[in-house]
Structures are given as structure tokens and as C-alpha cells.
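Every number for a ligand or one of its atoms is a count from 1 in the order of the listing.
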Amino acid sequence: MNRVPSMVFAVVVGAGLVLSGCSSSGSGGGGGGGDAKSQGKIGVILPDTKSSVRWESKDRPALEEAFKAAGVPYTIQNAEGSADNMATIADGMIADGVTVLAIVNLDSDSGAAIQQKAASQGVKTIDYDRLTLGGSADVYVSFDNNTVGQLQGQGLVDCLAGKPSNVVFLNGSPTDNNATLFTAGAHSVVDKTPSVKIVGEQSVPDWDNDKAVTIFEQMYTAADGRIDGVYAANDGLAGSVISILEKNGRAGQVPVTGQDATVEGLQNVLAGTQCMTVYKSAKEEAGALAKAAIALAKGESVDAPGKSRDDKGNRDVPSVLLTPKSITKTNVDVVLSDGGQSKDEVCAGQFAPMCSAAGL
Ligand code: BGC
């Protein structure tokens, strides 16, 4: 048991935020004193910069804001897609005195090893966004990922509007438990829709957008172009699919799903080349992580009313599961008014008239 008194969050007045490359750390606001080691510092390791733009463009700033607002010292680094990197970063953070370590795992086995090592040194761990199967995280902070998949499946079915349709599934990384949950949620809706026939299904290793282009092109060719709708697990994969549909003169005629409400995803939704995306507020998720991390650092119980099943570890992991929102052309304002993206970015250049037409 690693208990840290609440005064550990007293921080150095005027201590600045250090930003270098893909690493940032800070001491939060507030007054008081004490070195980082005695302060119950919180470490976060993001997974990569390629599987989604969300990690660096949304999660990092939202986490920084949440930790600063709470006045807790923190350090955030990015593993750049390498599980070895993540393990090295975790060792460094533990040596540097973090008392709570949150990771977005790159695969469950490497995540579980990091958590086991952390626990052996009295460091509490949190699964951020992705559940580590067979891991030992004290708490899991995420969105309800099965619901994300259901929203995607329903979005696709709605866009197909009852027409007899051949659809293909382009799933996320097989090493990401979220991808499994998204796919299961989507299938739970699509499979019971009689007008829809699933004619192909593939996973995209590491959510790699370039590989997704090749995989989808092969699926398109194998189906002789007879594809009327595509389940794409996130906005990055949707972009890959749309590029092939464009090449074949079909973009805008074939509904494609997405997730993350990225600038590009929202622009595709406005342009009609993507039928929907899913908005998961980074501010909400980062805020929930900060709250859980602070409670763990203080040795207090975490308010985690949900449960997530880890069959590999044969346990139910206490969870904070937030509510995702489905976004189509008719409600892009939900993301903008929540500060999820800025109107200036989404409605720039050629997208300005589309924004006006959508009432933005
Ligand atoms: C996240 C998605 C993200 C994907 C690729 C998933 O685990 O929940 O938001 O698009 O990883 O990074």
C-alpha cells in the first residue's frame, strides 16, 4: 500500500511547464514546496502519434490542463508506437518518483508487464482508455466502448436507410481491447439488420492508416467494387477508406463510419464522404483520469462505479466509463460548442460553405 499524504500536492510557486518533443511535465498551480519525489507525481504514457491524432492533439493538452487545474505534478510522455519504449519510459518515470502511473497500452502483455513492475515498487496504476487484459490496473478510465461500437453500427445502418446493402468491416488493431469492443458493439446492431449483408471483415494492425489503404483496396477489389457501406473503426481508417472510394469515383455514395471527431473526420462528415463519427470528449476523459489518479495518490478510494470484464485476468476492473456521442452532419455543433474542436479549424477554406450549409 502506497499512501501519500494530501500535502504532497503542494507545489512550487511559479514552477514552469517543461515541454520538449513528445514529453511534457509540470507542477500544476498553487503554492507550497517539496521536490518532485515527495509530491506524488503522476505519470502518463500515451501510445503513439499515428493511430489517431487524438493522443497528441487532444489528450495531452486536456491532461495537462486537468493536472494543472488540480495542482498536481505530472509528466506525460509518448511511446511512439513501441512497447519497448513504453517499458523504458515507465522505468524512468518510476525511478523519477511517480506514485501513480497511467498507460494507454500498445498491447495487453506489454502493458501487464509494466503494471506488474510498477506494483512491485508500490506504484499505483491506471488503464487510460484501453483496458490491459491480464493486467493489474487499480482502475480503468475510458468511454463505454461497446456503446461506441453500437453508435457506429447504428450510424451505418441509418445512413444505408433500409436499402439492400453489402457492407465491409475495417476493424482497429487486434491488440487493442477497445477495437474488439467497438467491433462487437457494431456487430450487435448491423448483424440484426436484414437489409445488410456483411461481405468482408479485416483488422488493421496498429490502426495503421497506410496499411488500411492497402487492406481496404484489396477488399474493394475482392468484392468487385460491390460495397455499399463501410464500418471503419476510427476517423483515420475512415480517411484511408475514403481515399480509395475517391479513386474509384464512389466517395460520398458509400457511407463510412468513424470515431474521434477529428478535424478531418468532421470535415469528411460535413462534405458527406463520411456518414458519422463518434465524439469522446478528451476534456471529460482526462478530467476523470486526473481525479482517479489524485485519489489513488492520496490513498483514497476512487469513485469508479463501473466494471469492465477482464477474462484473461479473471477479474472485474473498477471503471469510470463515460458516455460517447454520435455525430452526423446535423449535430457537428455538439463537438464545437463543447470545445472538442475549434470552428476555425473545422470550417477553414473549402469547408466554410459546408459549415454555413450545416448551420454552423
Ligand atoms: C481509442 C480510439 C483511437 C484508437 C487509435 C482506441 O483505443 O479508443 O479513440 O482512435 O485507439 O488510437
Side-chain angles (χ1 to χ4, degrees), residues 22 44-60 62-63 78-83 86 102-108 110-111 126-133 135 137 140-152 155 169-186 203-212 215 231-241 256-266 268-269 274 276-286 288-289 308 319-327 335 340-341:
C22 270
V44 183
I45 314 181
L46 300 173
D48 60 57
T49 50
K50 289 194 180 146
S51 67
S52 172
V53 292
R54 63 166 282 186
W55 305 114
E56 286 298 328
S57 73
K58 295 291 153 194
D59 291 79
R60 181 189 290 270
L63 289 164
N78 192 309
E80 298 290 354
S82 156
M86 192 177 285
I103 60 168
V104 183
N105 76 52
L106 283 162
D107 64 86
S108 281
S110 64
I126 303 179
D127 273 328
Y128 183 56
D129 201 71
R130 299 177 182 165
L131 183 67
T132 300
L133 302 177
Y140 175 43
V141 174
S142 192
F143 280 82
D144 183 325
N145 294 304
N146 188 280
T147 300
V148 170
Q150 286 179 39
L151 295 177
Q152 293 173 315
F169 272 55
L170 196 60
N171 299 325
S173 174
T175 57
D176 180 350
N177 183 57
N178 283 351
T180 309
L181 299 174
F182 302 149
T183 302
S203 292
V204 179
D206 305 323
W207 296 88
D208 185 312
N209 291 190
D210 296 332
K211 284 186 190 148
I215 294 170
Y231 167 84
N234 76 359
D235 288 352
L237 301 186
S240 304
V241 168
V256 180
T257 64
Q259 169 179 198
D260 287 344
T262 63
V263 171
E264 196 195 336
L266 292 172
N268 287 339
V269 167
Q274 190 173 323
M276 60 88 67
T277 184
V278 177
Y279 176 50
K280 304 188 297 184
S281 159
K283 192 173 164 195
E284 234 189 303
E285 196 174 7
L289 174 67
S308 299
S319 307
V320 179
L321 298 175
L322 305 164
T323 307
K325 291 193 179 88
S326 178
I327 303 297
V335 182
Q341 298 292 359

Participant: Students should be able to answer this: which protein heavy-atom is nearest to atom 11 (O) of ligand 1, and at what distance?
Facilitator: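 In this structure, atom 11 (O) of ligand 1 has Arg130 NH2, 3.0 Å as its nearest protein heavy atom.
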Participant: Test side chain to side chain donor-acceptor pair (under 3.5 Å) on Trp55 and Asn78; report intermediate values, then the result.
Facilitator: CA-CA 9 Å; Trp55 305 114; Asn78 192 309; over 6 Å; no
Participant: Which atoms of ligand 1 have any heavy atom of Trp207 under 4.0 Å away?
Facilitator: 4 (C), 5 (C), 6 (C), 11 (O)
Participant: Going by the order shown, which atoms of ligand 1 are within less than 4.0 Å of some heavy atom of Lys280?
Facilitator: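 By the 4.0 Å cutoff, the relevant atoms are 1 (C), 2 (C), 8 (O), 9 (O).
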Participant: Side-chain contact test, heavy atoms from C-beta onward, threshold under 4.5 Å: evaluate it for Leu181 versus Val148 and give yes or no.
Facilitator: no
Participant: Identify which of Val204, Asn105, Asp59, Asp129 has a heavy atom lying nearest to atom 1 (C) of ligand 1.
Facilitator: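 Minimum heavy-atom distance to atom 1 (C) of ligand 1 goes to Asp129.
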Participant: Under a 4.0 Å heavy-atom limit, does Trp55 contact ligand 1 with its side chain, its backbone, both, or neither?
Facilitator: side chain
Participant: Heavy-atom count check: over 12 atoms from other residues, nucleotides or ligands less than 6.0 Å from Lys325 NZ?
Facilitator: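 No, because the 6.0 Å sphere around NZ of Lys325 holds 12 heavy atoms or fewer from other groups.
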Participant: Does a side chain donor of either Asn234 or Ser52 reach within less than 3.5 Å of an acceptor in the other side chain?
Facilitator: no
Participant: Give the numbers and elements of all ligand 1 atoms closer than 4.0 Å to a heavy atom of Asp176.
Facilitator: 6 (C), 7 (O), 11 (O)
Participant: Pick one of side chain, backbone, both or neither for how Phe182 approaches ligand 1, counting any non-hydrogen atom pair under 4.0 Å.
Facilitator: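 Near ligand 1, Phe182 shows its side chain, while the N, CA, C and O stay back.
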Participant: Measure the distance from atom 3 (C) of ligand 1 to every protein heavy atom, then report the residue, atom name and distance (to 0.1 Å) of the closest one.
Facilitator: Asp260 OD2, 3.6 Å
Participant: Report yes if the side chains of Asp235 and Glu264 come closer than 4.5 Å at any heavy-atom pair, otherwise no.
Facilitator: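 Heavy-atom side-chain distance check fails, nothing below 4.5 Å.
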Participant: Should one rank Ser51, Pro324, Pro47 by closest heavy-atom distance to atom 5 (C) of ligand 1, which comes out on top?
Facilitator: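 Nearest option to atom 5 (C) of ligand 1, by heavy atoms: Ser51.
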Participant: Which atom pair, heavy atoms only, marks the closest approach of Asp129 to Asn178?
Facilitator: O-ND2, 2.9 Å
Participant: N/O to N/O below 3.5 Å, does that happen between Asn178 and ligand 1?
Facilitator: yes
Participant: Given side-chain contact (heavy atoms from CB on, under 4.5 Å), test Leu266 with Thr277 step by step and report yes or no.
Facilitator: CA-CA 7 Å; Leu266 292 172; Thr277 184; 3.9 Å; yes
